Every structure is written in C-alpha cells, then in structure tokens.
Amino acid sequence: MMVAGSHPWNVSVQDASAIQKGLRSGLVLEDDFGEIGTVAGFDVSFSRERDLLHAAVVIIDAGTLEVLETVSASAEPTFPYVPGLLSFREGPVVELAYGKLEIRPDLLMFDGQGIAHPRGLGLASHMGLLLDRPSIGCAKSRLIGEFKEPKQKRGAMRTLSIQRKKVGVVLRSKDNTKPLFVSPGHRISVESAAEWVLRTGKGYRLPEPTRLAHIAAGRAKR
DNA sequence: GCGACAG
DNA sequence: ATCTTGTCGC
C-alpha cells in the first residue's frame with residue numbers, strides 16, 4: 001500500500017490536479033476510528049486589503065460541545081481560488097494553524113467538500129489524508145453531484161451522487177434553511193459523516209465546529 | 001460555444 | 001471569500 005507523504009503546495013494549477021488524482025487512492029471511506037472525544041472545526045477568511053488568508057481551528061468536546069481550544073494562523077495566498085482546487089489555496093494556512101494545536105482532535109470538520117469532488121479529493125479529504133485524521137466535508141453549497149431537494153425539517157437528507165455513486169448527502173441541518181452538502185473526507189463513512197454533523201449542531205445551520213471556526217477566522221482579521 | 005463552478 | 005443596512009420570517 002502506498003503511504004501518503006507530504007507534497008509541495010506551491011505548484012502549478014496543472015500539477016495540482018495531478019496531485020489530487022495521485023492521492024485519492026489513499027482514502028479510506030469507512031469508519032476507521034475509536035471513541036471520538038474531540039472534534040475540530042476549520043475555516044479560512046480573507047483580508048483583501050492586506051492580502052492575507054486567516055485560518056482558524058476550534059476544538060470542542062464531542063459530548064458537551066464545549067470549546068476546548070482555539071488557534072489561528074495567517075499567510076499570504078500562494079494559489080488562486082479555482083473551483084476544484086480549493087485545498088491548494090487554503091491548505092498551507094490550515095496546516096500552519098493545525099500545527100499550533102495542543103490537543104490532537106479525533107475528528108476534523110471542514111468548510112468544503114470531502115469526496116464530493118471532480119477528482120474525489122476535496123479540501124476535507126485532502127487535509128484528512130495529510131493530517132492522517134478522520135475528516136468530514138461540510139459545505140454550504142454544491143460543487144458537483146446530483147440530488148433531490150430534502151424535506152424542510154431538520155435531519156432530512158437526500159443522497160448526493162456522482163454518476164450513480166453515492167458520495168455524500170444533502171442535509172437539512174435546520175428547519176427551512178438551505179441544506180448542507182456533507183461528504184466523507186477520510187476514514188469515515190457517508191452515514192457517520194452526516195451523523196456527526198447533526199450530532200455537533202446546536203440549532204444553527206452550521207455545526208458548532210465549523211460555525212465557531214468561521215467566527216474565529218473572521219475575528220482573526222482584526 | 002455555453003453554463004456550472006467548495007471558499 | 002469579500003463589498004454591506006435594513007428587513008422579512010420563524
């Protein structure tokens with residue numbers, strides 16, 4: 001079995017796509033974890049006046065949803081935003097912030113796609129592989145995939161598929177609000193991914209990990 | 001050629 | 001992502 005090592009982030013748009021194709025075979029799409037005690041949420045904001053990316057990571061207790069740790073890091077963007085290549089723009093800052101953590105989270109949640117991606121390796125999958133951690137992609141909108149509108153009640157979900165293959169779910173995390181696009185990143189199944197998004201929610205559209213990371217990332221700009 | 005297109 | 005106040009609805 002090929003073991004995933006590190007790879008350069010400063011590559012061309014062409015090479016980035018090739019790197020994704022090479023990494024996808026290393027993904028584990030079934031539950032591969034023990035007891036989940038902590039969940040980390042990631043998000044990145046952008047300050048255009050200073051041309052800086054700010055990444056924030058918030059770790060919460062999986063049982064009480066209480067915040068245990070918050071860290072952030074900043075860096076100049078080295079890659080443009082290209083649909084399908086988001087990890088090459090946000091990956092560097094995310095790794096930087098992750099390195100500042102004292103707690104080693106049991107599960108990672110990202111504001112983006114997992115395997116619901118053109119080459120099967122969205123931000124959550126990519127980071128889950130590099131950090132060797134179970135990860136979930138929890139995006140606010142669709143990148144790729146077909147689905148039917150889920151019912152309006154919290155907890156309702158429909159399959160998100162790519163060429164007849166189930167790659168995730170379109171999940172209603174709150175009554176009468178736009179659904180979330182949840183797909184496994186690495187070392188977790190579609191079912192468990194959806195379950196954890198619901199389990200870490202507090203009544204807001206976004207689950208606590210990602211919601212709090214979003215606030216922290218925005219706060220990091222000031 | 002045209003439309004779609006995570007953050 | 002970001003530029004941005006109020007406003008309608010649960």
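Reminder, nothing fancy here: chain letters follow the sequence lines and each chain counts from 1. Side-chain atoms are counted along with the backbone in the values below, which use heavy atoms only and exclude waters and symmetry mates. None of these values were measured; they are calculated from a predicted model.
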* To do: Quick one: pull up CD1 in I215(A) and OG in S45(A) and give me the separation to the nearest 0.5 Å.
  => 12.5 Å

* Asked: Can you check whether V28(A)'s main-chain N or O pairs, donor with acceptor, with H186(A)'s side chain at less than 3.5 Å?
  -> yes

* **Sidechain-backbone polar pair: R89(A) side chain, P77(A) backbone, donor-acceptor under 3.5 Å** => no

* **Dot-bracket line, read 5' to 3' along DNA chain B, where crossing pairs take [ ] and | marks a partner on another strand, Watson-Crick or G-U under 3.5 Å** => .......

* Structure fact -> Outer limits of DNA chain B sitting under 4.0 Å from a non-hydrogen atom of chain A, read 5' to 3', are dA4(B) to dG7(B)

* Distance only, no hydrogens: is a donor on one side chain within 3.5 Å (strictly under) of an acceptor on the other, for S189(A) and D31(A)? -> yes

* To do: Considering only NZ, NE, NH1 and NH2 on the basic side and carboxylate oxygens on the acidic side, decide whether R172(A) and E149(A) come within less than 4.0 Å.
  => yes

* To the nearest 0.5 Å, what is the distance between CD1 (I136(A)) and CH2 (W196(A))? -> 8.5 Å

* To do: Hey, can you tell me if H126(A) and H7(A) have their rings parallel, tilted or perpendicular (30° and 60° cut-offs)?
  => tilted

* Please examine the side chains of F79(A) and V13(A), heavy atoms only from C-beta on, and report whether any two atoms are closer than 4.5 Å. => yes

* Short side-chain to backbone donor-acceptor contact, Q20(A) and G84(A), under 3.5 Å -> yes

* Asked: Which value, rounded to the nearest 0.5 Å, describes the distance between K221(A) atom NZ and S72(A) atom OG?
  -> 13.0 Å

* Heavy-atom donor-acceptor pair, D106(A) side chain to G37(A) backbone, under 3.5 Å -> yes

* Partner set under side-chain hydrogen bond (donor to acceptor under 3.5 Å, both in side chains) for Q152(A), not counting sequence neighbours -> none

* Structure fact -> Output for pair (M109(A) CE, M127(A) CE), nearest 0.5 Å, gives 15.5 Å

* Asked: Going by heavy atoms in the side chains, are F46(A) and Y81(A) under 4.5 Å from each other?
  -> no

* If pairs are Watson-Crick or G-U with both distances under 3.5 Å, what is the dot-bracket string of DNA chain C, marking crossing pairs with [ ] and pairs to another strand with |? -> ..........

* To do: Report yes if the side chains of E90(A) and W9(A) come closer than 4.5 Å at any heavy-atom pair, otherwise no.
  => no

* Would you mind reporting whether L206(A) and S173(A) have side-chain heavy atoms less than 4.5 Å apart? => no

* **Inter-residue atom distance I60(A).CD1 - L107(A).CG, 0.5 Å rounding** => 9.5 Å

* To do: Assess the side chains of S125(A) and R24(A): does a donor N or O sit below 3.5 Å from an acceptor N or O?
  => no

* Partners of A116(A) by side-chain contact (heavy atoms from CB on, under 4.5 Å), sequence neighbours excluded? -> Q113(A), L160(A), V167(A), S183(A)

* Asked: Going by heavy atoms closer than 4.0 Å, what residues in residues 51-59 of chain A are next to DNA chain C?
  -> none

* Just jot down the side-chain contact (heavy atoms from CB on, under 4.5 Å) partners of A40(A), sequence neighbours excluded, or say none. => F42(A), V57(A), I59(A), P105(A), L108(A)

* Hey, is K166(A) close enough to E191(A) for a salt bridge, meaning N to O under 4.0 Å? -> yes

* Would you indicate whether Y204(A), at its atom OH, is surrounded by more than 12 heavy atoms from other residues, nucleotides or ligands within a distance under 6.0 Å? => no

* Do R205(A) and L180(A) come within less than 4.5 Å of each other through their side chains, counting heavy atoms only? -> yes

* Asked: Is any side-chain heavy atom of V39(A) closer than 4.5 Å to a side-chain heavy atom of R199(A)?
  -> no

* To do: Would you jot down, in residue-number order, the residues of residues 79-92 of chain A having a non-hydrogen atom under 4.0 Å from DNA chain C?
  => none

* For DNA chain C, find the residues of residues 136-144 of chain A with a heavy-atom distance under 4.0 Å and give them by number; none if there aren't any. => K140(A)

* Structure fact -> In this structure, OG1 of T200(A) is separated from CD1 of I36(A) (nearest 0.5 Å) by 11.0 Å

* To do: Enumerate the residues from residues 190-202 of chain A whose closest heavy atom to DNA chain C is under 4.0 Å, giving them by residue number; use none for an empty result.
  => none

* Asked: Can you give one letter per nucleotide of nucleotides 3-10 of chain C, going 5' to 3': B for a protein heavy atom under 4.0 Å from the base, S for sugar-phosphate only, - for none?
  -> S-------

* Structure fact -> Numerically ordered, the residues 111-118 of chain A set in heavy-atom contact under 4.0 Å with DNA chain B is D111(A), G112(A), Q113(A), H117(A)

